[in-house]
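Below is one structure, written out as structure tokens, with a few remarks after it.
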Amino acid sequence: MSPADRSLTVTIDGPAASGKSSTARMVAEALGARHLDSGALYRGVTAARLRTGGDPDQWTEQSVLEAAARVTLAPGATTFAARVDGAACEEELRGDAVTALVSLVAKMPHVRRWVNRTLQATAAAHAVVADGRDMGTTVFPDATLKVWLVAIASERARRRVLQRTGRPPTSAELTSETAELEARDRKDSEQTRPAADAVWLDTSGITQAEQVAQVVAWVRDRERERRKP
Ligand code: DC
């Protein structure tokens, strides 16, 4: 796909495990844009702060902001990778230690401001499909298209177990995974909101390919509307 106009900004928001990241990555590929994963930036800041050490209960916002200065976004062919201390560290970013503390870091207002400014500076120079919680509401209020992904918690839990184990969940796994996701939804609820002008996409009964095709079709519609005299 040829590179998209760098003014293109698509936002995909929704709760944990709603398929934001994989949808955003595939939509970016289809459009010739890059996937901008805002959660990865919060995870990068958390990993950088963890590397500094100390009891997380005593982390000050200032110390987390100092750690953020060691986090960068490196453009790849279709994504941006969050780097900590100059190196990619995907496994660390997705690991349990970071996952357990990232909600705490994402609640800090100055950290949110730093993340948002970093995302905005990146999108000013590239066509992006940004995914997260508040991309359409706070970070990119003028986006070309805003999508709000929804799926019931038990469906998100089923997909998550399938992704992790390669098989459908047992009923006990489904119960505990659903409870875990609902707890995470509560932790992140403050910043997880649909924009008033977002289009809602319920992914419960459709395949990933259908989701991606739907979002790409909406983007094309918006671009056609914008070109109209
Ligand atoms: O989507 P994720 O699991 O990688 O997100 C990691 C954490 O960052 C999660 O606690 C939600 C938070 N987050 C946020 O508050 N705002 C965003 N735009 C993206 C993620």
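Numbering of ligands and ligand atoms starts at 1, following listing order. The first residue of the sequence shown is numbered 1, and numbering continues consecutively from there. Treat the numbers as computed from the prediction; the structure is a model and nothing was measured.
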Rounded to the nearest 0.5 Å, how far does CG of Asp134 lie from OG1 of Thr11? 10.0 Å
Say whether Arg159 and Ser22, considering side chains only, have a donor N or O and an acceptor N or O under 3.5 Å apart. no
Give the residue and atom name of whichever protein heavy atom lies nearest to atom 3 (O) of ligand 1, and the separation in Å to one decimal. Arg184 NH2, 2.7 Å
Distance to 0.1 Å, residue and atom name: give those for the protein heavy atom nearest to atom 1 (O) of ligand 1. Arg133 NH1, 3.1 Å
Answer with yes or no whether the hydrophobic clustering places Val139 together with Met108; edges join I, L, V, M, F, W, Y residues whose side-chain heavy atoms lie under 4.5 Å apart. yes
Let me see the working for Ser103 and Asp188 under side chain to side chain donor-acceptor pair (under 3.5 Å), right down to the final yes or no. CA-CA 7 Å; Ser103 287; Asp188 294 324; 3.2 Å; yes
Any chance the side chains of Arg156 and Thr178 put a donor and an acceptor closer than 3.5 Å? no
Distance to 0.1 Å, residue and atom name: give those for the protein heavy atom nearest to atom 12 (C) of ligand 1. Ala106 CB, 3.8 Å
For atom 16 (N) of ligand 1, what's the nearest protein heavy atom and its distance? Arg112 NH2, 3.0 Å
Using a 4.0 Å heavy-atom cut-off, which part of Lys187 comes near ligand 1: side chain, backbone, both, or neither? neither
Indicate, as side chain, backbone, both or neither, the part of Gln191 found under 4.0 angstrom from ligand 1 when only non-hydrogen atoms are considered. side chain
So which heavy atom in the protein is nearest atom 4 (O) of ligand 1, and how far is it from that ligand atom? Arg43 NE, 2.8 Å
Residue and atom name of the nearest protein heavy atom (relative to atom 19 (C) of ligand 1), distance in Å to one decimal: Ser38 OG, 3.3 Å
Report yes or no: do Gln62 and Glu66 form a side-chain donor-acceptor pair below 3.5 Å? yes
Element-labelled atoms of ligand 1 that are located less than 4.0 Å from some non-hydrogen atom of Gly39: 4 (O), 5 (O), 19 (C), 20 (C)
Should the pair Phe80 and His126 be assigned to parallel (<30°), tilted (30 to 60°) or perpendicular (>60°) ring geometry? perpendicular
Is Lys107 close enough to touch ligand 1? Criterion: a residue heavy atom under 4.0 Å from a ligand atom. no
